Amino acid sequence: MGNKTFAIIKPDAVKAGNTGKIYDRIIQAGFDILAAQLLRLSEEQAKGFYAVHHERPFFGDLIEFMTSGPCMVLALQKDNAVESWRKTIGATNPQDAEDNTIRKDFASNVQENAVHGSDSDENAQKEIAFFFSDSELPSN
Ligand code: IDP
Ligand code: MG
């Protein structure tokens with residue numbers, strides 16, 4: 001089981017001024033922030049990042065949303081990081097998210113759902129590498 005995961009504080013949450021509150025949740029949940037960057041995704045980056053969803057009906061809207069403003073990309077570390085972060089963020093649709101999860105408290109709807117979390121160790125590695133080079137990550 002890996003100890004790293006990848007997160008995004010999505011454009012809706014950055015725009016709403018919730019970045020600091022979500023950082024608090026990250027720290028409270030016991031994660032170390034290994035790397036973080038505020039950036040605006042290009043259309044190409046967003047399409048590449050979400051390539052697995054390219055045939056879904058919501059893909060176009062998702063790309064438009066994810067490129068609509070700045071977001072914060074983060075590499076996080078904790079034991080069992082992928083599962084722990086998914087639990088901290090809650091279900092994709094905030095209507096289904098448990099109390100005290102980030103999506104329950106900050107998401108607007110199933111698309112504008114405040115945060116991203118990797119769904120497997122393999123994808124966590126790929127997603128971290130999509131945004132951060134080795135020299136930008138602590139070596140231990
Ligand atoms: P996840 O972010 O919880 O892993 P995924 O199924 O991987 O959920 O979907 C990726 C992102 O696509 C979601 O976080 C959300 O922003 C968007 N999305 C997922 N399902 C829908 C939908 O049914 N309508 C609109 N947007 C969706
Ligand atoms: Mg996903």
Side-chain angles (χ1 to χ4, degrees):
M1 185 164 13
N3 69 346
K4 290 187 183 65
T5 193
F6 176 75
I8 304 178
I9 302 175
K10 293 185 179 183
D12 59 322
V14 172
K15 193 173 176 189
N18 289 327
T19 303
K21 289 178 190 154
I22 294 173
Y23 261 66
D24 284 345
R25 300 291 185 99
I26 293 170
I27 303 302
Q28 276 166 23
F31 290 91
D32 289 328
I33 296 171
L34 298 177
Q37 191 182 355
L38 185 71
L39 54 83
R40 185 167 182 166
L41 292 180
S42 67
E43 192 177 320
E44 193 187 343
Q45 275 177 312
K47 284 181 172 167
F49 184 76
Y50 279 120
V52 64
H53 293 306
H54 77 280
E55 282 178 348
R56 306 282 285 276
F58 58 79
F59 185 69
D61 285 346
L62 177 61
I63 300 311
E64 198 173 318
F65 162 54
M66 289 301 294
T67 58
S68 66
C71 64
M72 181 74 72
V73 297
L74 303 120
L76 303 179
Q77 182 168 282
K78 186 189 176 185
D79 287 347
N80 196 14
V82 166
E83 192 186 336
S84 179
W85 179 241
R86 292 294 303 204
K87 214 170 151 75
T88 303
I89 69 177
T92 307
N93 188 336
Q95 288 185 347
D96 303 327
E98 288 183 28
D99 285 351
N100 302 316
T101 59
I102 293 173
R103 282 170 166 168
K104 176 78 173 193
D105 293 341
F106 300 109
S108 306
N109 54 58
V110 68
Q111 178 178 275
E112 303 200 357
N113 59 1
V115 281
H116 167 81
S118 307
D119 62 7
S120 66
D121 287 342
E122 190 189 347
N123 284 335
Q125 270 191 355
K126 282 188 199 161
E127 291 173 0
I128 290 171
F130 193 92
F131 288 101
F132 298 108
S133 60
D134 283 347
S135 65
E136 292 171 313
L137 294 162
S139 53
N140 54 18

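A quick note: this is a predicted structure, and the numbers were derived from the prediction, not measured.
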Any idea how H54 and F59 line up, ring-wise: parallel (<30°), tilted (30 to 60°), or perpendicular (>60°)?
perpendicular
Under 4.5 Å between side-chain heavy atoms, hopping through other hydrophobics if needed: is there a path connecting F106 to I26?
yes
Take atom CG in D24; do more than 12 heavy atoms of anything else shown fall under 6.0 Å from it?
yes
Measuring from atom OG of S68 to atom NZ of K10, what distance do you get when rounded to the nearest 0.5 angstrom?
11.0 Å
Taking the side chain as everything from C-beta on, heavy atoms only, tell me whether D32 gets closer than 4.5 Å to L76.
no
Pairwise side-chain contact, L39 with P70, heavy-atom cut-off 4.5 Å (strictly under)
no
Pairwise side-chain contact, E127 with H116, heavy-atom cut-off 4.5 Å (strictly under)
yes
Out of curiosity, does Y50 fall in the hydrophobic cluster containing F130 (side-chain heavy atoms, cut-off under 4.5 Å, transitive links)?
yes
Would you say the side chain of F31 lies within less than 4.5 Å of the side chain of L74, judging by non-hydrogen atoms?
no
Flag yes if more than 12 heavy atoms outside N109 fall under 6.0 Å of its CG atom; otherwise flag no.
yes
What are the two closest non-hydrogen atoms of K78 and G30, and how far apart are they?
CG-O, 3.7 Å
Are any of the side-chain heavy atoms of M72 and I22 separated by less than 4.5 Å?
no
Using only atom types and a distance under 3.5 Å, with no angle test, would you say the side chain of N113 pairs donor to acceptor with the backbone of T92?
yes
Cluster link I128 to W85, ILVMFWY, side chain under 4.5 Å:
no
Less than 4.0 angstrom from a charged side-chain N to a carboxylate O is my criterion; do D105 and K21 meet it?
no
Q111 versus F65, closest heavy-atom pair with distance:
O-CE2, 3.3 Å
For residues I8 and L137: do they belong to one hydrophobic cluster (side chain heavy atoms under 4.5 Å, members Ile, Leu, Val, Met, Phe, Trp, Tyr)?
yes
Distance in Å, E98 CD paired with D96 CG, rounded so as to fall on 0.5 Å steps
10.5 Å
Just wondering, do F131 and L41 contact through their side chains at under 4.5 Å, heavy atoms?
yes
Joint cluster assignment, M66 & L38, ILVMFWY side-chain distance < 4.5 Å:
no
Nearest heavy atoms of S42 and T67, plus distance in Å
O-CG2, 3.6 Å
Any side-chain heavy-atom pair of I33 and I27 under 4.5 Å:
yes
Non-hydrogen atoms of A97 and K104 that approach each other most closely
O-CD, 3.4 Å
Using modelled atom types only, decide if a donor and an acceptor are shared between the side chain of D121 and the backbone of G2 within a distance under 3.5 Å.
yes
Can a salt bridge be assigned to the pair E83 and K87 using a cut-off of 4.0 Å between side-chain N and carboxylate O?
no
I need the minimum non-hydrogen distance between A124 and S118, along with the two atoms involved.
CA-OG, 3.4 Å
State whether the number of non-hydrogen atoms from other residues, nucleotides or ligands found under 6.0 Å of E136 atom CD is greater than 12.
yes
On a heavy-atom basis, the closest approach of I9 and V14 is O-CG2, 3.6 Å
Verify, without hydrogens or angle tests, whether R103 (side chain) and A114 (backbone) share a donor-acceptor contact under 3.5 angstrom.
no
